[in-house]
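A short write-up of the structure that comes next.
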Amino acid sequence: MSALRTGRAVLARLTELGVGIGMALLALMATIVVVQVGARNLLDLGLPWADELARFSGIGMVFLSIPALASQRVLVSVTMVPDMLGRRAQMVSAVISDLSVLVCAGLLLWSFAAFLPRAGKFLTPALQLPNYFYYSLALIGTALLAVVMAFRMIELLTGRLPELTDPVDIPQ
């Protein structure tokens, strides 16, 4: 199973990169909002591009960070019922949960495939960016989420995840 381990290591690096880019996008978004507020209040100047760039940053931050949360088993982490179940029922619960997220990611990718060929060539109003670029981070994040969830499904079905109810060590 070294291929699975290698794939998992590559995914870990990609998700860490996504979180790093997401943090940079958060800093950019905060800076843009401060600049926009300052421009409006101090200079009486509107910045139409600022809203669009802040929205792009927020969308990118969320979609690039979600795969990291999923890989650490904290994307959907309500464990009250699974904690009361036996090991086999926990496995079934985890498979249903992970399969649901995988299906949602697949539906979103399918939606991108239907939407972007028609709307991708149009430009955003303020920045004049093609929609292909504007939605690229959401598409990349969703594709990475689908791959992460597929790996998790493989790990679950082959018994590779040791603890389903204690995904990460969270300091109390």
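Being a predicted model, the structure only gives us computed values, none of them experimental. Index from 1, following the sequence.
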Hey, mind stepping through Leu45 and Arg40 against side chain to side chain contact (heavy atoms under 4.5 Å, CB included) and telling me if it holds? CA-CA 5 Å; Leu45 180 65; Arg40 280 187 184 166; over 6 Å; no

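- For the pair Ser97 (side chain) and Ala94 (backbone), a donor-acceptor distance under 3.5 Å is absent.
- Listed for the Asn131 side chain is a donor-acceptor partner under 3.5 Å among the backbone atoms of Ala119.
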Under the side chain to side chain contact (heavy atoms under 4.5 Å, CB included) criterion, do Leu127 and Thr124 qualify, and how do the steps go? CA-CA 6 Å; Leu127 292 173; Thr124 60; 3.8 Å; yes

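- Between Pro125 and Glu52, some side-chain heavy-atom pair lies under the 4.5 Å cut-off.
- Here the straight-line distance linking atom OG of Ser93 with atom CE of Met84 works out to 11.0 Å at 0.5 Å rounding.
- Within 6.0 Å of CG on Asn41 lie more than 12 heavy atoms contributed by other residues, nucleotides or ligands.
- Smallest separation of non-hydrogen atoms from Glu155 and Arg8: OE1-NH2, 2.8 Å.
- For Thr15 (side chain) and Ala12 (main-chain N/O), a donor-acceptor pair under 3.5 Å exists by modelled atom type.
- Connection of Leu109 to Leu116 is established within a shared hydrophobic cluster, with ILVMFWY side chains joined at heavy-atom distances below 4.5 Å, either directly or through further cluster members.
- Placement of Phe115 and Leu129 within a single hydrophobic cluster is found when ILVMFWY residues are connected by side-chain heavy-atom separations under 4.5 Å, directly or transitively.
- Atom CG of Leu47 and atom CG of Leu53 lie 11.0 Å apart (nearest 0.5 Å).
- For Asp51, the side-chain hydrogen bond (donor to acceptor under 3.5 Å, both in side chains) partners are Gln36, not counting sequence neighbours.
- The distance from the OG atom of Ser71 to the CG atom of Leu14 is 10.5 Å, given to the nearest 0.5 Å.
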Side chain to side chain contact (heavy atoms under 4.5 Å, CB included) between Leu137 and Ile59, worked out: CA-CA 8 Å; Leu137 297 180; Ile59 290 169; 5.9 Å; no

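- Leu11 contributes atom CG, which lies 6.0 Å from atom CG of Leu144 (distance to the nearest 0.5 angstrom).
- Linking ILVMFWY side-chain heavy atoms closer than 4.5 Å, directly or via other members, places Ile66 and Leu17 in a single hydrophobic cluster.
- To the nearest 0.5 Å, atom CE of residue Met29 and atom CZ of residue Arg55 are 11.5 Å apart.
- When hydrophobic clusters are built by joining Ile, Leu, Val, Met, Phe, Trp and Tyr residues whose side-chain heavy atoms come closer than 4.5 Å, directly or via intermediates, Leu123 is not grouped with Tyr132.
- Under the 3.5 Å distance criterion, the side-chain polar atoms of Thr142 are matched with a main-chain donor or acceptor of Ala138.
- If you take OG on Ser65 and CG on Leu145, they are separated by 11.5 Å, rounding to the nearest 0.5 Å.
- Listed here is the closest heavy atom pair of Gly141 and Pro67: O-CG, 3.4 Å.
- Annotation for Met61 and Gly22: closest pair CG-O, 3.5 Å, computed over non-hydrogen atoms.
- Every residue two or more places apart in sequence or in another chain was checked for a ring-ring contact (aromatic ring centres under 6.0 Å, His included) with Phe112, and none qualifies.
- Not counting sequence neighbours, Phe151 has no partner by the ring-ring contact (aromatic ring centres under 6.0 Å, His included) test.
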Yes or no on side chain to side chain contact (heavy atoms under 4.5 Å, CB included) for Ile32 and Leu28, after CA distance, side-chain angles and deciding distance? CA-CA 6 Å; Ile32 290 168; Leu28 175 64; 3.7 Å; yes

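- Tracing side-chain contacts under 4.5 Å through hydrophobic residues (I, L, V, M, F, W, Y), one reaches Met149 starting from Leu157; they form part of the same cluster.
- Side-chain atoms of Arg152 come within 3.5 Å of backbone N or O of Ala70 as a donor-acceptor pair.
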